[in-house]
Engineer: 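Pasting in a structure now, in structure tokens, and then I'll have a few things to ask.
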Amino acid sequence: MSDRTKQLQQLDRRYIWHPFTQMSEWEAEETIVIERGEGSWLIDTDGNRYLDGVASMWTNVHGHCRRELNEALKAQVERLEHSTLLGLAGEQSILLAEQLVAITPEGLDKVFYSDNGSTAVEVGVKMAFQYQQHRGATNKRKFITFKHAYHGDTLGAVSVGGIGLFHEVYRPLLFTTIQAPAPYCYRCEFNESDPATCGRLCVEELERLMAEAQHEVAGLIIEPLIQGAGGMIVHPAGFLKSVRELCYRYGILMIIDEVATGFGRTGSMFACQQEGVTPDIMALSKGITGGYLPLAATMTTREVYDAFLGQYRELKSFFHGHTFTGNPLACAVALASLELFRKDRLLENLQPKIEYLRERLKKMAELSHVGDARHCGMAAGIELVLDKESREAYPWEEKVGVQVCREARSHGLFLRPLGNIIVVFPPLVISIEELALLFDGVEAAIRAVTEG
Ligand SMILES: *Cc1c(COP(=O)(O)O)cnc(C)c1O
């Protein structure tokens, strides 16, 4: 290790508080300091290369340091780095909004910008709430949420989340919601072994909750097709569509959180398109700039938007806004990213990769400590279990997932698990050869830790 790397590590320990990290462990460990990127690879200060198995926290689409995106960014920075949307319109944010409206489901006609997934969700929640108030449905104040849901880490986003372990401590600061069961078929709470039945029972329970509480529910929020941070929980086909129908029937606004799934991850541009579903509100972020810059959008219908129109003194404005909303650099890169989707025929070229991933997961499922290997498009989760027969989980304190990911580093991979679930979520640009390397490494690491 070079002196420069050692020095940077020391400074990191001294000054940086890392997210979702027990810093006492971090300080005791050797850390990788990333300096460069190239395609699906990250390169550290000593020149070691790591395949970016989690697309730099689920954001990267076209690869690191992609020439076309770099050029778009450089061109924009020579013209304008930032101007505000509070009181001014901006060229790049207008052009991007036009394209977002064109590629999202029909009916989502308005774009509200912010800069990360949590704020995109907060905006959606506030919008749905205020919409109901303006309509005179003043009792509609609650939200239906799902078990295992993850919508971000700010307080409103945590309130609508459903992951107990790391959010419980903040409970006194949160608003309460009505929590519906999610079809986590591998660990079905109804003890059903078949996903279709598990899904149906979840829908029945959701309908019961809606029927009971419809007069006080403003909206429902859901991750479409796959719950990401909750453990790459893949929902049975038709579940999202059933939820959409129930929301219509009970007059509940449907917020779809496409922060992780949007921009190709599930094999279609947006996950909800696979079930022909149009939400009332949609949250976008992670992949929107191809993984380059923080940007988010909350999209909604003309109907929701119109409910906020009125005289100034009626105080019907949407009282929300972030300083860097609609940042021109981020919007310019997002536009260039959408251009690359077309030029590279990205969605078309993704299909054989998804097929390959599916085959590798099938093999992976045969390992003696892999309970379930599931995926939705290019988002996969490999659930490690102590006992395959009984599906008994590894105690979370053992950090089996962390051990596997650490082992994977010696195979040139960077991975980050979700508890006992190994996440495979590579840049969409990854080649089949690189995917093969990735799966070889993951398999070897799982074997070394669970069988070794
Ligand atoms: C990551 C994520 C968020 C939060 O996004 P941030 O940019 O980290 O605030 C919200 N919803 C989903 C589904 C996510 O995966």
Side-chain angles (χ1 to χ4, degrees), residues 18-21 54-61 112-128 143 145-163 166-167 170 174 177 182 184 219-235 239-240 243 254-266 270-272 277 279 281-299 320 322-325 327 330 333-334 375-381 416-419 421 423-428:
H18 286 263
F20 276 99
T21 301
V54 288
S56 292
M57 216 43 242
W58 312 358
T59 59
N60 196 281
V61 178
F112 189 97
Y113 286 112
S114 62
D115 38 45
N116 63 77
S118 306
T119 54
V121 165
E122 300 264 341
V123 165
V125 166
K126 281 176 72 175
M127 234 175 223
F143 285 85
T145 59
F146 287 91
K147 196 168 170 180
H148 312 298
Y150 178 81
H151 298 291
D153 293 332
T154 55
L155 289 172
V158 173
S159 294
V160 294
I163 303 180
F166 43 79
H167 284 154
Y170 308 110
L174 309 179
T177 68
Y184 186 177
L220 167 148
I221 181 162
I222 187 169
E223 291 160 86
L225 307 191
I226 178 168
Q227 290 178 304
M232 295 295 152
I233 299 165
V234 181
H235 294 164
F239 182 71
L240 188 73
V243 174
M254 186 185 201
I255 306 172
I256 293 192
D257 177 355
E258 291 253 14
V259 169
T261 51
F263 302 96
R265 180 55 54 179
T266 66
F270 300 100
C272 62
V277 162
I281 295 172
M282 180 155 102
L284 300 173
S285 184
K286 290 194 171 103
I288 194 170
T289 59
Y292 263 56
L293 287 163
L295 180 70
T298 306
M299 301 188 54
H320 195 104
H322 295 282
T323 307
F324 281 102
T325 178
N327 174 260
V333 176
H375 78 110
C376 180
M378 289 288 273
R416 182 154 170 104
L418 294 161
I421 294 152
V423 173
V424 175
F425 203 114
L428 298 182

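Start at 1 and go down the list; that is how both ligands and their atoms are numbered. What's counted below: heavy atoms across the whole structure, side chains too, no hydrogens, waters or symmetry copies. Predicted, not measured: the structure shown is a model, and the values here were computed from it. Residues take their numbers from the sequence shown, with the count starting at 1.
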Engineer: Looking only at the side chains, is there a donor atom on one of T119 and E122 sitting less than 3.5 Å from an acceptor on the other?
Structural biologist: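 Checked: T119/E122 side chains show no N/O donor-acceptor pair below 3.5 Å.
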Engineer: Indicate the ring-plane relationship of F112 and H320, choosing parallel, tilted or perpendicular according to the 30° and 60° boundaries.
Structural biologist: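 Answer is perpendicular, since the angle exceeds 60°.
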Engineer: List, ordered by chain and residue number, the protein residues whose closest non-hydrogen atom lies under 4.0 Å from any atom of ligand 1.
Structural biologist: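 Ligand 1 pocket, heavy atoms under 4.0 Å: W58, N116, G117, S118, Y150, H151, G152, E223, D257, V259, A260, K286.
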Engineer: We want to know whether H322 and D115 form a side-chain donor-acceptor pair, criterion being a heavy-atom distance below 3.5 angstrom.
Structural biologist: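 On atom types as modelled, these side chains do not qualify, holding no pair under 3.5 Å.
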Engineer: Between Y184 and H148, what is the ring plane arrangement, given parallel below 30°, perpendicular above 60°, and tilted in between?
Structural biologist: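 Geometry flag for H148 against Y184: perpendicular rings.
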Engineer: Just wondering, do V277 and M254 contact through their side chains at under 4.5 Å, heavy atoms?
Structural biologist: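 Answer yes - side chains close enough.
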Engineer: Quick one: side chain to side chain donor-acceptor pair (under 3.5 Å) pairs with a partner in residues 284-298, sequence neighbours left out?
Structural biologist: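 Checked against side chain to side chain donor-acceptor pair (under 3.5 Å) - neighbours excluded - the pairs reaching residues 284-298 are N70-Y292.
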